[in-house]
Amino acid sequence: MSLTAKDKAVVKAFWGKIGGKADAIGQEALARMFIAYPQTKTYFAHWPDLSPGSESVKKHGKTVIGAITAAVEKMDDLIGGLSSLSDLHAFKLRVDPGNFKILSHNILVALAVNFPGDFTPEVHVSVDKFLAALSAALADKYR
Amino acid sequence: MVEWTEFERATIQDIFSKMDYESVGHNALARCLVVYPWTQRYFGNFGNLYNAAAIMGNPLVAAHGTVVLHGLDKAVKNMDNIKATYAELSVLHSEKLHVDPDNFRLLADCLTIVVAARLGSGFTPDVQAAFQKFLAVVISALTKQYH
């Protein structure tokens, strides 16, 4: 299910609309994930506070969404563009790749909540494909 | 048996008491057919599903979306016995409709997204968790009679 030229254009345009709200989206997606999928908290046992408004969730949400925003410009070669992040996730963090799908879902929910008019089915399918391709690139070095 | 907290019960009753079945049902099914196009395999007789606009404008999709969403009413009214409540519908989906159960999750995800867009900030993470738990229990019940 590779990204077509149309997918890339739709994702770029929509991400442009997100603009300054990106950090908040990242924070919200993480917060939703920890509450709706509590098993994902096991990767953050070293954090003092995993509640939605906490500094850790805010900061990490920003980190994650920042990397995704950067990936929007690398859609022509996600595997190459995410190579070092893949190393990190494969050899250091060792996050089970099933969780990428879970976080992706929560990003979609956050987008739907914050951009109800813009997150049309056409935008949804292209963003879903983008996040899936990104997740695959992130898991590329796992084995 | 599934344990429901007071919050979860209240949340599910609240969401469905305010549900615009026609609009949400239509949008959820249509979104599913657009985002996961392989789900169109079950709707060969629905006519024009060639692109997103056609799917969104298709009256058969709209009508069926409403039917499917009302199918959830049984679960809303029988939260303590969803498994038994859906035994017949499970047999129907397996023996007659031959629907791959993976599709239930795809539709559930689209329904979650549509409801999230409607409720906005009211769709808090806790409300999301309750709603998704409810849908997961329904999916499990619908999958139960497959063999």
Side-chain angles (χ1 to χ4, degrees), chain A residues 1-4 6-7 9-11 14 21 24-41 50-54 57-58 61 98 101-132, chain B residues 5 7-8 11 15 20 23-24 26-40 49-58 61-62 65 102 105-137:
Chain A
M1 296 190 249
S2 48
L3 294 170
T4 63
K6 182 177 173 211
D7 287 323
V10 166
V11 171
F14 180 69
K21 263 190 145 175
I25 296 281
Q27 177 184 1
E28 188 179 326
L30 264 188
R32 286 182 181 281
M33 185 177 77
F34 289 148
I35 290 178
Y37 302 86
Q39 70 273 20
T40 57
K41 293 190 292 186
L50 280 110
S51 60
S54 70
V57 171
K58 211 175 184 178
K101 220 174 189 176
I102 293 175
L103 179 57
S104 296
H105 169 72
N106 286 286
I107 290 172
L108 296 177
V109 173
L111 292 174
V113 165
N114 289 281
F115 298 92
D118 295 305
F119 195 62
T120 61
E122 290 100 311
V123 168
H124 180 167
V125 62
S126 294
V127 174
D128 192 36
K129 285 175 73 176
F130 164 60
L131 292 175
Chain B
T5 64
F7 174 81
E8 286 166 347
T11 297
I15 290 178
D20 179 347
S23 178
V24 172
H26 172 192
N27 279 284
L29 182 59
R31 190 169 282 255
C32 188
L33 296 171
V34 170
V35 178
Y36 308 108
W38 53 94
T39 58
Q40 292 169 24
L49 297 177
Y50 296 138
N51 53 43
I55 291 170
M56 295 305 294
N58 187 314
V61 171
D102 281 353
R105 189 185 44 81
L106 300 180
L107 179 57
D109 282 352
C110 285
L111 180 58
T112 299
I113 298 246
V114 171
V115 169
R118 295 289 152 125
L119 299 182
S121 55
F123 197 67
T124 64
D126 289 312
V127 167
Q128 177 185 347
F131 191 65
Q132 289 188 187
K133 176 177 168 178
F134 173 74
L135 292 179
V137 172

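Quick note on labels: first sequence line is chain A, next is B, and so on, each numbered from 1. Excluded from the calculations below are hydrogen atoms, water molecules and symmetry mates; all remaining heavy atoms, backbone and side chain alike, are included.
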Residue that, paired with Pro125(B), satisfies side-chain contact (heavy atoms from CB on, under 4.5 Å) out of Asn106(A), Ile35(A), Leu30(A):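 It is Ile35(A); the other options fail the test.
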Beyond-backbone contact of His105(A) with Gln132(B), side-chain heavy atoms, under 4.5 angstrom: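 Side chain of His105(A) against side chain of Gln132(B), heavy atoms only: contact under 4.5 Å found.
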Region of Met33(A) that comes under 4.5 Å of a non-hydrogen atom in chain B: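 No part of Met33(A) comes within 4.5 Å of chain B.
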Under 4.5 Å from any heavy atom of chain B - which part of Tyr37(A):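 Contact with chain B is through the side chain of Tyr37(A) alone.
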Where [X] and [Y] come nearest, the two heavy atoms and their spacing:
X         : Y         : value
Ala117(B) : Pro116(A) : O-CB, 3.7 Å
Arg31(B)  : Phe119(A) : NH2-O, 2.8 Å
Ala129(B) : Ala36(A)  : CB-CA, 3.8 Å
Asp128(A) : Val35(B)  : OD2-CG1, 4.0 Å
Phe123(B) : Arg32(A)  : O-NH2, 2.6 Å

Lys58(A) atom NZ, neighbour heavy-atom count above 12 within 6.0 Å: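 At most 12 heavy atoms, drawn from other residues, nucleotides or ligands, come within 6.0 Å of this atom.
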Leading residue by heavy atom contact count with chain B [cutoff under 4.5 Å; candidates Pro121(A), Ser126(A), Pro38(A)]: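 Of the candidates given, the most pairs with chain B belong to Pro121(A).
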Contact leader toward chain B among Leu111(A), Val113(A), Leu108(A), Thr120(A), where contacts are heavy-atom pairs under 4.5 Å: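 Answer, by heavy-atom pair count under 4.5 Å with chain B: Val113(A).
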Side chain, backbone, both or neither of Tyr36(B) within contact of chain A (heavy atoms, under 4.5 Å):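 Tyr36(B) touches chain A through side-chain heavy atoms alone.
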